[in-house]
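First the structure, in the form of structure tokens, and then the observations on it.
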Amino acid sequence: MPAPQLAQQLIAIKPITVPSADRGLDLQVKVTAPRSGRRLPVIVFSHGNAWSMDGYEPLVDRWAAAGFVVVQPTHLDSRHNGIGLDDPRYRTIWRVRIADLHAILDHLGKILAEADGLDARIDADRVAVVGHSWGAQTVGTLLGARVLDADGVPGADFRHPAAKAGVLIAATGTGDTLTPFAAEHLPFMRPDYTTMRAPALVVAGGRDRSALSTRGPDWFTDAYHLSPGPKSLLTVADGEHTLGGVAGESVAETTDEDPARVELVASAVAAYLRDVFGLDHDGWAALRRDAGDGYTIDGR
């Protein structure tokens, strides 16, 4: 995958340690931003299983070039930490992930002050949460989704007032069709989207088939169909779970590598958030107008 052609210089600063409790390991983040500009909107990005703040450069660099400050944590499930399914901590990592994002949003000013004084260059009223795969379920809870227990009872409300909008990329669907493996080892994959009222874009691959569900690609559209508006759905026709390679170049998880598909996802997320934040309506309108064989966009 070729490097993106960026319109301006970027800065990236890591690691920055974020105050957190009951985690065992320090919570560290990476911040990527355009070198110039003021009143910049912010994206807090939650990675997929086993990744870290060093992944997803094909998305993050494009978002920063589009004028966003991007904050990426390394969650406990990162392969760098060696916490596998047999580790007793694994079954509660989903809650630690949520706590990670809360800690970042609670200390956003301090984090960005350490990142070359970026706290003076952001618009704190324009903050979005974005995630891929497990990260998408994580950010969904900050937007109002809940996690059902084994009896179907909704768990705690993890909404955060700083998260004004979000994007869920390849998000976990409802838990009634989990495979036996997923039901045993990943029981938290039972999201209830009926309370996710914040504005959000759901991104799904038309060929994304999960080994964790008995359903097909439509499983990844539940966050759109089962949540109240305002919501939009971007369906990438030939996209699989990494939608062309959003996590990185030539990585093992990418089975459908396509630079154009990554560019589409990155551009759509930036255009959607700029539209929701009232910064620029033309980009999102153009994507909707040009939808066709490669992708579709629905909204309500």
query: Distance-only, no hydrogens or angles: does the Ser78 side chain make a donor-acceptor pair with backbone N or O of Trp51 under 3.5 Å?
result: yes
message: Can you tell me how far apart CG (Leu27) and CE (Met53) are? Round to the nearest 0.5 Å.
response: 9.5 Å
field: Donor-acceptor pair, side chain of Arg121 and main chain of Gly37, under 3.5 angstrom
entry: yes
task: Please answer whether the main-chain N or O of Gln28 pairs with a side-chain N or O of Asp26 as donor and acceptor at a distance below 3.5 Å.
output: no
field: Salt bridge flag under 4.0 Å for residues Asp123 and Lys164
entry: no
- prompt: Hey, does the side chain of Lys231 reach the backbone of Met196 with a donor-acceptor pair shorter than 3.5 angstrom?
  reply: yes
Candidate list Val167, Ile98, Val129, test side chain to side chain contact (heavy atoms under 4.5 Å, CB included), partner Val139, passing option: Val129
field: Asp290 atom CG, neighbour heavy-atom count above 12 within 6.0 Å
entry: yes
query: Do Tyr56 and Trp63 have their ring centres less than 6.0 Å from each other?
result: no
message: Closer than 3.5 angstrom, by distance alone: can the side chain of Tyr90 be matched with the main-chain N or O of His185 as a donor-acceptor pair?
response: no
message: Less than 4.5 Å apart, side chain to side chain, heavy atoms only: is that true for His102 and Leu142?
response: yes
query: Are more than 12 heavy atoms from other residues, nucleotides or ligands located less than 6.0 Å from atom CZ of Arg23?
result: yes
task: Take His160 and Asp106 through the side chain to side chain donor-acceptor pair (under 3.5 Å) test and state the conclusion after the steps.
output: CA-CA 9 Å; His160 196 290; Asp106 290 343; 2.7 Å; yes
- prompt: Any ion pair linking Arg207 and Asp256 (charged N to carboxylate O, less than 4.0 Å)?
  reply: no
query: Any side-chain heavy-atom pair from Phe68 and Ile122 closer than 4.5 angstrom?
result: no
